[in-house]
Structures are given as C-alpha cells and as structure tokens.
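Structure first, commentary second.
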Amino acid sequence: MNSPSQKQQVHQLNAQRLLCPIPVIRTQDKIKTLNKGDLLEVLCTDPGTLQDIPTWCRINGHHVVDTQQEDRLIKIIIKVGQIAP
Amino acid sequence: MPSSQIEQRKAVALISGGLDSMLAAKVIKDQGVHVEGINFYTGFCVEGHTHAIRKKDKRKEKRNNALWTAEQLGIKLHIIDISEQYKDIVINPKHGYGQNLNPCLDCKIFMVNQAQAWAWMEENDFDFIITGEVVGQRPKSQRADTMPIIAKESGAEDRLLRPLCAKNLPPTLPEREGWVDRERLYDFHGRNRKPQIELAHQLGFDDFAQPAGGCCFLTDESYSRKLADLWQARGERRYELDDILLLKIGRHIRPNERFKIMVSREEGENNFLEGYRKEFTNIRILSHPGPLALVDGTPNDEDLALAARIVARYSQGRAEDTVEVQIDKMDGEVRLLQIAPLLADDIPKAWFI
Ligand code: SF4
C-alpha cells in the first residue's frame with residue numbers, strides 16, 4: 001500500500017491515432033505488466049475508446065477513475081485491479 | 001456423476017460478437033464450467049474502426065460487440081491481435097475463398113489453433129475450446145463436410161466443443177469425461193436461425209448482435225473488390241494494416257492503373273485521412289470547403305491534374321469555372337493549381353472501385 005506521502009506513479013500509454021479495438025488491446029497488454037493499484041493513463045483519439053476501454057475494464061476487474069476529453073484528445077485513467085494469474 | 005469432480009473445468013470461448021458464440025459460451029457457463037472469452041483482431045473486423053470514423057454513424061451505438069457480449073455473459077475477454085499472422089490466411093488460403101475474399105475455413109482453423117496456443121500458453125489452465133459454429137449454416141466453415149477438417153487441422157481435435165450442434169457430432173472429450181452434460185447441448189443445423197433466436201430468449205437475451213452474415217469486412221462485396229483492386233494495382237498480393245483500414249474510408253476512384261484517389265465523404269473521414277497526409281500525395285481545395293483526398297500509386301503530372309479535377313467535383317466549388325487546389329506531393333513539392341471541376345457525368349462509373 002502506498003502511504004499518502006508517496007506520490008503514486010502514473011504509467012502512460014499513447015494510443016493516439018489508433019482505432020478500436022487496438023487501443024483496448026494495447027491497454028490490455030500494458031496492464032499485464034503493471035501491479036494491482038497502479039494507475040495507467042491512456043491517451044486516445046478514437047471516440048470508440050470512451051465506450052470500449054471502460055467496458056473492457058469492467059469485464060476484467062479494473063476501474064476507470066477519470067475520463068477527460070479535450071477536442072479530439074481523450075484521456076482515460078485506469079486503476080489496475082486484480083491481475084489474472 | 002459429476003460429484004466426484006472437485007476441480008472446476010475451464011473452457012475458452014471464441015467470442016465473435018455474434019449471437020451464436022454468445023449462446024455457446026452461455027450454455028457451457030450454465031453447466032458450471034469456468035468460461036473466459038477470446039476475440040481475435042484480424043484487421044478486418046467489423047467492430048471498432050468504422051464507427052469512430054464517420055460522423056453520420058456517431059449517433060449509432062458505438063459498442064464493440066465482443067466486449068458487450070462478454071459483459072452480458074459475465075466473463076473475461078482477452079482480445080488478441082493476430083493481424084500480422086492473419087495476412088497469410090487472407091493472401092494464401094489453402095481452402096480457398098468464400099463468396100468474396102473471405103477465407104472462412106482457413107480463418108476458423110487458424111483461430112482455433114490460436115485459441116489452442118493461447119490455452120497452452122496459459123499453462124494448460126484451460127481444458128477445452130468452445131465455438132458457436134452450427135453444422136450446415138453459413139459461413140463456409142460451418143458446413144457439415146468442413147467441420148472435421150477444422151477440428152483435425154487445427155489440432156484441437158477432441159477438445160473443440162460446439163455446444164449448439166454437438167448432438168449432431170461424435171462426443172468430444174469434455175462430453176465423454178462428463179465435464180459437460182451432452183444431454184444439455186443442442187442439435188441445431190441448417191440455415192434456419194429460429195432455434196438460436198428462441199434459445200436466446202430462453203436464456204434471457206433480448207438484445208443481441210446481428211444474427212447472420214459476416215463477422216468481418218472480407219464477406220463484404222464492395223470491400224473485397226477494393227482489396228482485389230489494391231492487389232492488382234500493386235502487382236502482388238500484399239497489404240499493410242493501414243491499407244486495409246483505408247479501404248473502409250471514403251470514395252475510392254481509379255481513373256487508370258497508375259493511381260487511385262481516396263476522397264473523404266465527410267468531416268469524420270476527413271479527420272481520419274488527415275492522419276495520413278505525410279504518407280501520401282494529397283489534394284485539398286483551397287478556394288472552397290471540400291474534401292481531402294489521398295493519392296495512391298505513381299501518378300504523372302497529367303494524372304495529378306485529373307485527380308485534382310475529380311476532387312474539386314466533390315467540393316462546394318463544383319459549379320464554378322475554376323477552383324484553387326493545393327497538391328502536396330510525397331517528395332515535398334507543393335503545387336497550386338487553378339482547375340475546372342469535373343462534372344458528375346465526366347467521371348465514368350467504372351472508375352469507382
Ligand atoms: S467472416 Fe471473416 S472472420 Fe468470420 S470466419 Fe469468415 S473470414 Fe473469418
């Protein structure tokens with residue numbers, strides 16, 4: 001567990017210009033390398049990711065903690081849940 | 001009988017996003033088997049891509065059917081990118097194509113192989129594979145006579161269970177071992193989809209993806225035509241992922257064998273093509289609102305002028321005597337031209353791919 005003073009590292013994934021389901025696949029593959037509780041920020045431009053990444057997270061036990069959209073840039077922040085054994 | 005089994009069996013279900021794979025997974029899950037789904041991304045999948053591109057499609061629900069199916073079933077879904085390896089299937093299908101450039105039989109063999117590889121990779125944590133195939137139903141891989149080929153060639157043999165038509169086939173390992181109850185599987189056959197629809201309602205699914213038809217663009221006639229044109233123009237059967245994505249976008253017009261143009265039809269496509277401006281010679285109309293067009297091939301100067309006139313035809317300056325056009329060539333040269341837009345009748349139908 002992180003102590004409150006420890007600033008949690010936010011991992012990054014650039015999925016701009018990629019079309020669904022590739023951003024989902026990249027998210028999935030990146031999360032495999034992370035640990036439970038880690039934060040991952042995914043940058044996308046395909047509006048389909050607004051639906052697909054949260055759905056993928058719900059199915060696989062991860063949590064979308066924030067979604068931001070500015071012009072065509074979409075930022076989705078995910079908190080990693082249980083990693084499959 | 002199953003009481004002696006403490007260990008819960010695990011099955012991996014091929015989830016296409018269609019109704020049949022959803023039912024197959026559900027039927028097995030309801031028998032107490034642990035089911036997880038896999039979905040293969042071939043590059044030609046109907047989901048995803050297109051919905052994000054065209055503005056006019058934006059109002060439509062943008063769900064990815066495979067993800068949606070998994071959520072309905074309450075199972076995990078692993079999406080696997082097989083687009084690189086898949087090229088060989090599309091380019092050289094051992095068992096040939098279906099009605100269009102859809103290599104369904106080879107595709108299924110490949111996917112089952114992949115599923116098996118995946119199960120193996122998961123350190124044999126999974127016991128068998130489930131697919132939603134039904135004997136005697138399209139696509140080609142679902143015909144009775146081709147069923148054994150898939151099981152045999154894929155190496156999955158005995159561990160490939162097709163719950164919707166299992167009763168028409170010899171019992172597989174999961175049935176013989178009692179991991180699943182054969183009596184509670186089905187004997188669907190033929191093209192009549194009524195039994196599937198009935199089963200769907202029985203299982204409580206009221207909303208499901210398109211019942212029949214292709215799970216990929218290769219079953220689409222106009223798409224296959226564009227792919228065949230691409231191969232012919234290049235003189236070889238080869239493609240990159242970007243090529244096959246671009247075949248889904250815009251109007252594709254080929255005035256001669258040297259070049260074709262891809263003209264956006266609306267803002268969404270325009271934005272998408274913008275992303276490729278550095279990789280293609282491209283044409284824009286400066287004097288009027290209009291589309292962006294990418295030029296593929298090796299056009300000469302005359303060809304480029306013709307291309308510009310075609311693009312101008314789709315701009316708001318189409319009724320003007322001349323419009324101003326900018327051509328950004330691949331070699332960095334920028335050309336500004338005053339050209340007369342072609343009239344609709346000046347573009348032969350045969351040019352549209
Ligand atoms: S329709 Fe496409 S994805 Fe489906 S089996 Fe045929 S080739 Fe494969």
Side-chain angles (χ1 to χ4, degrees), chain A residues 13-38 40 42-65 67-85, chain B residues 10 15 17 34 36-43 45-55 57-83 122-123 125 241-242 244-246 248-249 267-268 271-276 278-279:
Chain A
L13 175 67
N14 184 358
Q16 291 178 74
R17 273 194 64 198
L18 300 176
L19 297 176
C20 278
I22 301 177
V24 185
I25 298 175
R26 295 276 164 89
T27 302
Q28 164 190 279
D29 294 347
K30 177 79 184 174
I31 283 184
K32 271 189 204 146
T33 69
L34 303 179
N35 296 311
K36 189 177 176 197
D38 284 355
L40 174 66
V42 190
L43 296 179
C44 321
T45 44
D46 178 350
T49 56
L50 283 169
Q51 174 111 5
D52 291 357
I53 292 183
T55 307
W56 181 84
C57 286
R58 282 198 302 277
I59 294 170
N60 293 287
H62 310 292
H63 310 282
V64 173
V65 291
T67 320
Q68 293 160 19
Q69 198 175 3
E70 225 184 281
D71 290 332
R72 287 168 58 204
L73 185 68
I74 296 161
K75 204 190 268 183
I76 301 173
I77 301 176
I78 302 166
K79 185 167 188 170
V80 178
Q82 200 68 49
I83 305 284
Chain B
K10 292 182 175 179
I15 300 291
H34 173 84
E36 293 192 14
I38 47 172
N39 173 258
F40 293 109
Y41 172 67
T42 63
C45 308
V46 175
E47 345 268 350
H49 304 146
T50 38
H51 69 207
I53 299 166
R54 293 197 75 175
K55 259 240 159 104
D57 293 337
K58 281 219 164 96
R59 261 152 299 167
K60 283 189 200 156
E61 215 179 336
K62 290 182 206 122
R63 75 180 183 202
N64 171 310
N65 281 323
L67 284 169
W68 180 85
T69 301
E71 190 163 37
Q72 297 301 300
L73 292 166
I75 63 172
K76 288 193 173 182
L77 183 74
H78 310 268
I79 309 179
I80 301 175
D81 181 359
I82 56 167
S83 54
E122 294 287 309
E123 293 170 287
D125 252 359
L241 199 52
D242 281 335
I244 60 176
L245 294 184
L246 284 167
K248 298 173 191 170
I249 314 297
E267 199 191 323
N271 290 338
F272 185 75
L273 294 186
E274 280 283 341
Y276 287 92
K278 287 203 179 75
E279 285 133 70

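Worth saying up front: this structure is predicted, and the values here are computed from it rather than measured. Each chain gets a letter, A, B and so on, in the order its sequence line appears, and its residues count up from 1.
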Q: Identify the residue among A:I22, A:V24, A:T27, A:D52 that makes a side-chain contact (heavy atoms from CB on, under 4.5 Å) with B:I79.
A: A:V24

Q: Hey, could you give me the NZ/NE2 distance between A:K32 and B:H78, rounded to the nearest 0.5 Å?
A: 8.0 Å

Q) Going from CD1 on A:I59 to CD on B:Q72, what distance comes out if it is rounded to the nearest 0.5 angstrom? A) 9.5 Å

Q. What do the steps show when you test A:L19 against B:L245 for side-chain contact (heavy atoms from CB on, under 4.5 Å), and what is the final call?
A. CA-CA 9 Å; A:L19 297 176; B:L245 294 184; 4.2 Å; yes

Q. Would you find a donor on one side and an acceptor on the other, under 3.5 Å apart, between the side chain of A:R17 and the backbone of B:G275?
A. yes

Q.
Distance check, rounded to the nearest 0.5 Å: A:I53 atom CD1 versus B:N64 atom CG?
A. 11.0 Å

Q: Let me know if B:I75 has heavy atoms under 4.5 Å from chain A in its side chain, its backbone, both or neither.
A: backbone

Q) B:L77 and A:W56: which non-hydrogen atoms are nearest, and at how many Å? A) O-NE1, 3.5 Å

Q: Calculate, to the nearest 0.5 Å, the distance between atoms CZ and CG belonging to A:R58 and B:L67 respectively.
A: 9.5 Å

